[in-house]
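Written out below as structure tokens is the structure these notes cover.
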Amino acid sequence: MRRFPLIAALALATALSSPALADEAPAPVAAPQVAPQPAPKLVLAISVDQFSADLFAQYRRHYTGGLKRLQEGAVFPSGYQSHAATETCPGHSTLLTGTHPARNGIIANNWFDPGIARADKRIYCSEDLSDPASTSRDPVVSASLLKVPTLGEWMKRANPASRNVAVSAKDRAVVMMGGHQIDAGYWWKGSSFVTFKGRELSPAVQAQNAAVAKVLKSGAPALNPRPWCGAQDRAISVGQSTVGTGRFKLEPGAKGDALRISPRMDQATAELAIRLVDEMKLGQGAAPDLLSVSLSATDYIGHAVGNEGVEMCIQMAEVDAAIGKLLAHLDARGIDYAVVLSADHGGLDAPERSNQQALPAAVRVDDALRPDRLAKAITARTGISAKQGPLLYADGASGDFYVNRGLSAQEKDRVIDALVSIARAHPQVAAVYTNGELARMPMPTANAQDWSILDRVRASFDAERSGDVLILLDRAVTPIPEPMPGAYIATHGSVYDYDRRVPMLFWRKGLTPFEQGAPVETVDIAPTLAALVGVKTPDGTWDGRCLDLDGGERDTCAVK
């Protein structure tokens, strides 16, 4: 009796495999064709300055506003600002050009040209060198130093009716996201929003400036932390002061910096963006528009008080609310829009607090690595000194170092050799490279997560603009010898992942959401958005690749 079911099963299998029955089997069902979505009317590109992947991971479960909405789209928690110079200008330059600093020329916030006529030899990344009124400290703002177009410029080439608009607290964020052809660009200076030389402020900007002036005059109450900020609400001694318990109370008659180093800066920037959407009717024309919004307060707060105190916890809630307000306004206007949010770089907390949080290696840089101290050590070793100006030009204890051009070729070589030798012998230095060594290196092609330190440096290297010597500090060494609480106690700019890794979030109504933990790069953003709006560019335009933003059968990278 046990054999009957087996015999019956074999007979049934034989019958089903016979040609007669096979002919009667139903034909395979073709996969449904998913029609591509039309191009969005507005692309909203948001950069949250110093918003590391670590901060995103730490706070993402608490977001209730705009950052909660964006997590309902395509989430890439491991985006890479893959280059070494993790500063504001280079980071913003990658977001909408789709190119690394080695190609777009923006190697740092500031670099030096020892042969330039100005006394300090310093060049600011977003200045117009052709204007005699421009200085590195008070620049005439321009995109003239950016070597490649931005997405907004490609959109305008495809359809001149497209508008390219950018707002931020920082001029360099406006310029690097907007590029050379910006229809409207505004940034914070002093106590108000300003614009490019020779342009007038629009009524929307004047109205926003009036609103800000009213707040500065009357003051504003402290911002209360959310309940989940309790663990961060703790005083930490830094130098002669303390951080970690601030509430951002704005006293009546406050100066612009008091607003700038607070969540209210992002609120004002988002409000200005909202006013410009209405004034310019962005997203309501025949051609798609691009609105770039760089929110700078996270960076200003991170520098002033670090990124692990209650101040940053408050900021994370407030920036979430500011983004939510902007998205809600676009919803209310019925605009078909797509959003990308990322960051120009991450950041490292103040070493005084990191030491209490399982990072005992966190220290401040040794005074011996200051440019003037290194120059004295070189002179003591070689007997060479500069007749005019300093022997070395540099922006701090790490990064690019430039040798005075008044030296002979032989003297310059000896100075470089001495600098390399002294720096490599210092226990806080991770690596030292010369301009010649980097010029011989090919650009890296592997996954950015796996790049060596040398690969990261090469992606920031421009033979004409980079220094004679590049000095990189060891992990968790903060390049600020003496902290300035309330202004500058912590920073970024290293080759390490706490500065390189940033979130990349994309959202558009109708796309199937997903989360992809594999590493991507910020240079992937521009080609991804270009495909979304149907802008075709020549082969080789981008250093990055298009990311398919739909987690279902629709392919947002498909050629339209």
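In this chain, residues are counted from 1 in sequence order. On a predicted model such as this, the values are computed, not experimentally measured, just so you know.
- Salt bridge present: Arg364 and Glu352 bring a charged side-chain N and a carboxylate O closer than 4.0 Å.
- Remark: Leu291 engages Leu42, Leu44, Val165, Ala273, Val277, Leu282, Val293 in a side chain to side chain contact (heavy atoms under 4.5 Å, CB included) (not counting sequence neighbours).
- Among residues two or more places apart in sequence or in another chain, the side-chain hydrogen bond (donor to acceptor under 3.5 Å, both in side chains) test is passed with Asn447 by none.
- Under the 4.0 Å criterion applied to side-chain N and carboxylate O atoms, Glu521 and Arg501 are not assigned as salt-bridge partners.
- Ion pair Lys147/Asp462 flagged as a salt bridge, since at least one NZ, NE, NH1 or NH2 atom sits closer than 4.0 Å to an Asp/Glu carboxylate oxygen.
- Counting only heavy atoms from C-beta outward, the side chains of Val520 and Met504 approach each other to under 4.5 Å.
- Annotation: the span from Met312 atom CE to Thr298 atom OG1 amounts to 5.5 Å, rounded to 0.5 Å.
- The salt bridge (charged side-chain N to carboxylate O under 4.0 Å, His left out) pairs that include a residue from residues 74-95 number zero, where partners must be two or more places apart or lie in different chains.
- Look at Asp131 and Lys197 and you find a salt bridge, because one of the NZ, NE, NH1 or NH2 atoms lies within 4.0 Å of a carboxylate O, short of that distance.
- Between the CG atom in Leu369 and the CD atom in Gln428 there is a gap of 6.0 Å [rounded to 0.5 Å].
- Counting only distance, with no hydrogens or angles, the side chain of Asp49 and the backbone of Leu295 share no donor-acceptor pair below 3.5 Å.
- Listed by first and then second residue, the salt bridge (charged side-chain N to carboxylate O under 4.0 Å, His left out) pairs that reach into residues 381-398 are Arg122-Asp395, sequence neighbours excluded.
- By the side-chain hydrogen bond (donor to acceptor under 3.5 Å, both in side chains) test, Ser144 is found to be paired with Ser142, residues two or more places apart in sequence or in another chain being considered.
- Residues passing the side chain to side chain contact (heavy atoms under 4.5 Å, CB included) test with Glu482 are Arg370, sequence neighbours excluded.
- The side-chain hydrogen bond (donor to acceptor under 3.5 Å, both in side chains) test applied to Arg458 returns no partner, not counting sequence neighbours.
- Judged as a disulfide bond (SG atoms under 2.5 Å apart), the pairs with a partner in residues 73-125 (not counting sequence neighbours) are, in order, Cys89-Cys125.
- Paired with His92 under the rule side chain to side chain donor-acceptor pair (under 3.5 Å), one option of Ser342, Ser292, Ser126, Ser47 passes, and it is Ser47.
- Under the rule for a side chain to side chain contact (heavy atoms under 4.5 Å, CB included), the partners of Pro390 that lie at least two apart in sequence or sit in another chain are Tyr393.
- Annotation: the span from Gln315 atom CD to Gln50 atom CD amounts to 10.5 Å, rounded to 0.5 Å.
- Formation of a donor-acceptor pair under 3.5 Å by the Gln356 side chain with backbone atoms of Arg353 is not found in this model.
- Not less than 6.0 angstrom separates the ring centroid of His100 from the ring centroid of His83.
- Comment: Asp417 does not engage Arg414 in a salt bridge, judged by the lack of any side-chain N to carboxylate O separation of less than 4.0 angstrom.
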Tell me, with the steps shown, if Asp455 and Ser452 meet side-chain hydrogen bond (donor to acceptor under 3.5 Å, both in side chains). CA-CA 5 Å; Asp455 289 330; Ser452 67; 3.2 Å; yes
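- The aromatic rings of Tyr488 and His303 lie tilted to each other, with the angle between the two planes from 30° to 60°.
- Residues Asp499 and Val495 fail the side-chain proximity criterion, which asks for heavy atoms closer than 4.5 Å.
- Between the OG1 atom in Thr434 and the CG atom in Asp468 there is a gap of 9.0 Å [rounded to 0.5 Å].
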Check step by step if side-chain hydrogen bond (donor to acceptor under 3.5 Å, both in side chains) holds for Glu308 and Gln58. CA-CA 10 Å; Glu308 282 298 322; Gln58 181 177 352; 3.1 Å; yes
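- For residues 431-453, every residue pair satisfying the salt bridge (charged side-chain N to carboxylate O under 4.0 Å, His left out) rule, not counting sequence neighbours, is listed here: Arg424-Glu437.
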Applying side-chain hydrogen bond (donor to acceptor under 3.5 Å, both in side chains), run through Ser296 and Ser168 and close with a yes or a no. CA-CA 7 Å; Ser296 307; Ser168 177; 3.3 Å; yes
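- Taken from OG1 in Thr135 to CD1 in Ile123, the straight-line distance is 12.5 Å, to the nearest 0.5 Å.
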For a side-chain hydrogen bond (donor to acceptor under 3.5 Å, both in side chains) check, start with the C-alpha distance between Arg500 and Thr86, then their side-chain angles and the critical distance, and finish with the verdict. CA-CA 6 Å; Arg500 295 174 71 226; Thr86 48; over 6 Å; no
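- Under the side chain to side chain contact (heavy atoms under 4.5 Å, CB included) criterion, Val194 pairs with Trp187, Lys189, Ser192, not counting sequence neighbours.
- Checked by atom type and distance alone, the side chain of Ser354 never pairs as donor or acceptor with a backbone atom of Leu359 at under 3.5 Å.
- For the pair Ser93 (side chain) and Pro90 (backbone), a donor-acceptor distance under 3.5 Å is present.
- At a threshold of 4.0 Å, the pair Asp113-Arg405 does not count as salt-bridged, since none of the basic side-chain nitrogens sits closer than that to a carboxylate oxygen.
- When the side-chain hydrogen bond (donor to acceptor under 3.5 Å, both in side chains) test is applied to Lys255, no partner is found at least two apart in sequence or on another chain.
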